[in-house]
Number of protein chains: 2
Amino acid sequence: MEYGKKQLQIMADAEALFAEKGFNGTSVREIADKAEINIAMISYYFGSKEKLLEAIFDYRGKISKLAIEKIIKKTGIKSIDKIYLLIDNYIVKILEQQNFYKIMSREQVINSAGPIANLILKMKKNNQEAIARLIEEGQKKKEFKKNVDINLMMTTIVGTANHLITTKHYYRQLSKQHKMSDAMFNQSIQEQLSKHLKFITKAILTNEL
Amino acid sequence: MEYGKKQLQIMADAEALFAEKGFNGTSVREIADKAEINIAMISYYFGSKEKLLEAIFDYRGKISKLAIEKIIKKTGIKSIDKIYLLIDNYIVKILEQQNFYKIMSREQVINSAGPIANLILKMKKNNQEAIARLIEEGQKKKEFKKNVDINLMMTTIVGTANHLITTKHYYRQLSKQHKMSDAMFNQSIQEQLSKHLKFITKAILTNEL
DNA sequence: CGCAAAGTTAAACAAATGTTTAATTAACTT
DNA sequence: AAGTTAATTAAACATTTGTTTAACTTTGCG
């Protein structure tokens, strides 16, 4: 599916509202107000509120797949450095698209069936399989140790990053960084989180610190 | 506040529904149906749907505080082993109260202000301060290294555990454990997660693996 | 221009929402 | 047992919900 300028604007405004107040906590009238359109336009373009959410997932899902493949295919680079690139790629993505990741981390709790759950599962499967291949590659080169629980490792990477951005307001208060500007805080998070996740990942994959 | 038998039943049923369908996705009529009471009883006992959620948070919040204090105060035990006890305590708690933790991990994304956000922040602050003291104790005994980012460490512990239980259905499919019974799967998660988080925590706190 | 398709609008729709009312029943107290 | 408080009920309340309708304006094209 392709989206026109107006559709993308609606999707962006809806995304912001869904992130802030939840899918069920946001009414189509609020979306229409924010996007400065008539309520009927949402049904006209997307069919329904639910399908608008699906369109957002569809749109965001497509983007991420390419970046991962690109990194995996790189040659002349150590496996651990590929992992590092994937981590940094993920952190940048999650910081740039905080609203979408907030929605996803909320909706994946609720939707254990339905079209959105299927989209999420597909995304996860893709990522997982790519990383599994990468780790096997590292194991063959004896860079990584033999028994690695890929699922738990990814749960930690994704869980840490997700939890950080979904609870940013708590984190800021607890780490006494609430005087910082939002942009500076994001920058600071990016560096710290990158270092942190690379440290953990290295410990899990190799036997070094 | 104290809760009678009937109130507790309503809270338990509401908790299950909120976890499954979200706060805004659950109507008071559904709660009344599940708890086999009249709709008016919810307003009668709790004042409103919102205050029912607050009651759930209030009730669950009280329980957790005591257990932590108890572990912290233990003597004749290494600091790292106290951390291990706290981790196991947390894992057991999160597995026993999956519904509540699902609600919390969803609501803390939305509510950046409001009474529930304050309750969550208070819980987090308590835990954080207790663990900060524990880590300083370990640093004095030279068990732990000097520069430890407590915030990020806790983000990883909480984020990993949260992400695991909120996305259990995906995890089961991806790790090919969907043939297991639910009880067995929980048991299996508990052991794996405990080992995993202890490994990470040790790496962060000490310089050993 | 003329006309068909796409875009946009205000209004109306039924259904669902959280909360309250007023009446009735149950439980407890003296 | 009488009287008082607490518990429970069905019905009604006003809003809000997502979606649709039918009329209109704008746009693009031959």
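The sequence lines fix the lettering, A, B, ..., with proteins before strands; numbering per chain opens at 1.
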Are any of the side-chain heavy atoms of A:I131 and A:I68 separated by less than 4.5 Å?
no
Pick base, sugar-phosphate or nothing for A:F46, based on heavy-atom distances below 4.0 Å to the nucleic acid.
nothing
Just how far, in rounded Å, is P of D:dG18 from CD of A:E54?
16 Å
Using whole Å, what does the distance between atom P of nucleotide D:dT19 and atom CE of A:M41 come to?
15 Å
Count the heavy atoms of every other residue, nucleotide or ligand shown that sit under 6.0 Å from CD of A:E36, and state whether that count exceeds 12.
no
How about A:K198: does its NZ atom have over 12 heavy atoms from other parts shown lying under 6.0 Å from it?
yes
With sequence neighbours excluded, what pairs up with A:A16 under the side-chain contact (heavy atoms from CB on, under 4.5 Å) test?
A:K34, A:N99
Under the side-chain contact (heavy atoms from CB on, under 4.5 Å) test, residues paired with B:E137 that sit two or more places apart:
B:S79, B:K82, B:L134, B:K141
A:D149 and B:K195: CA distance, side-chain angles, deciding distance, side chain to side chain contact (heavy atoms under 4.5 Å, CB included) verdict
CA-CA 11 Å; A:D149 190 327; B:K195 228 177 114 185; over 6 Å; no
Salt-bridge test for B:D58 and B:K62: reply yes if a basic N is under 4.0 Å from a carboxylate O, no otherwise.
yes
For B:R172, is there an ion pair with B:D182 - N to carboxylate O distance below 4.0 angstrom?
yes
Let me have DNA chain C in dot-bracket notation, would you? Count Watson-Crick plus G-U wobble pairs, both distances under 3.5 Å, and use [ ] for pairs crossing earlier ones and | for inter-strand partners.
||||||||||||.|||||||||||||||||
Applying side-chain hydrogen bond (donor to acceptor under 3.5 Å, both in side chains) to B:E15 and not counting sequence neighbours gives B:R60
Parallel, tilted or perpendicular: which fits the ring planes of A:F185 and A:Y171, with parallel below 30° and perpendicular above 60°?
tilted
Could you list by number each residue of residues 8-22 of chain A showing a heavy-atom separation from DNA chain D of less than 4.0 Å, or answer none if no residue does?
none
For each nucleotide in nucleotides 13-27 of chain C, reading 5' to 3', give B when a protein heavy atom comes within less than 4.0 Å of its base, S when such contact involves only the sugar-phosphate, and - otherwise.
----BBBBB------
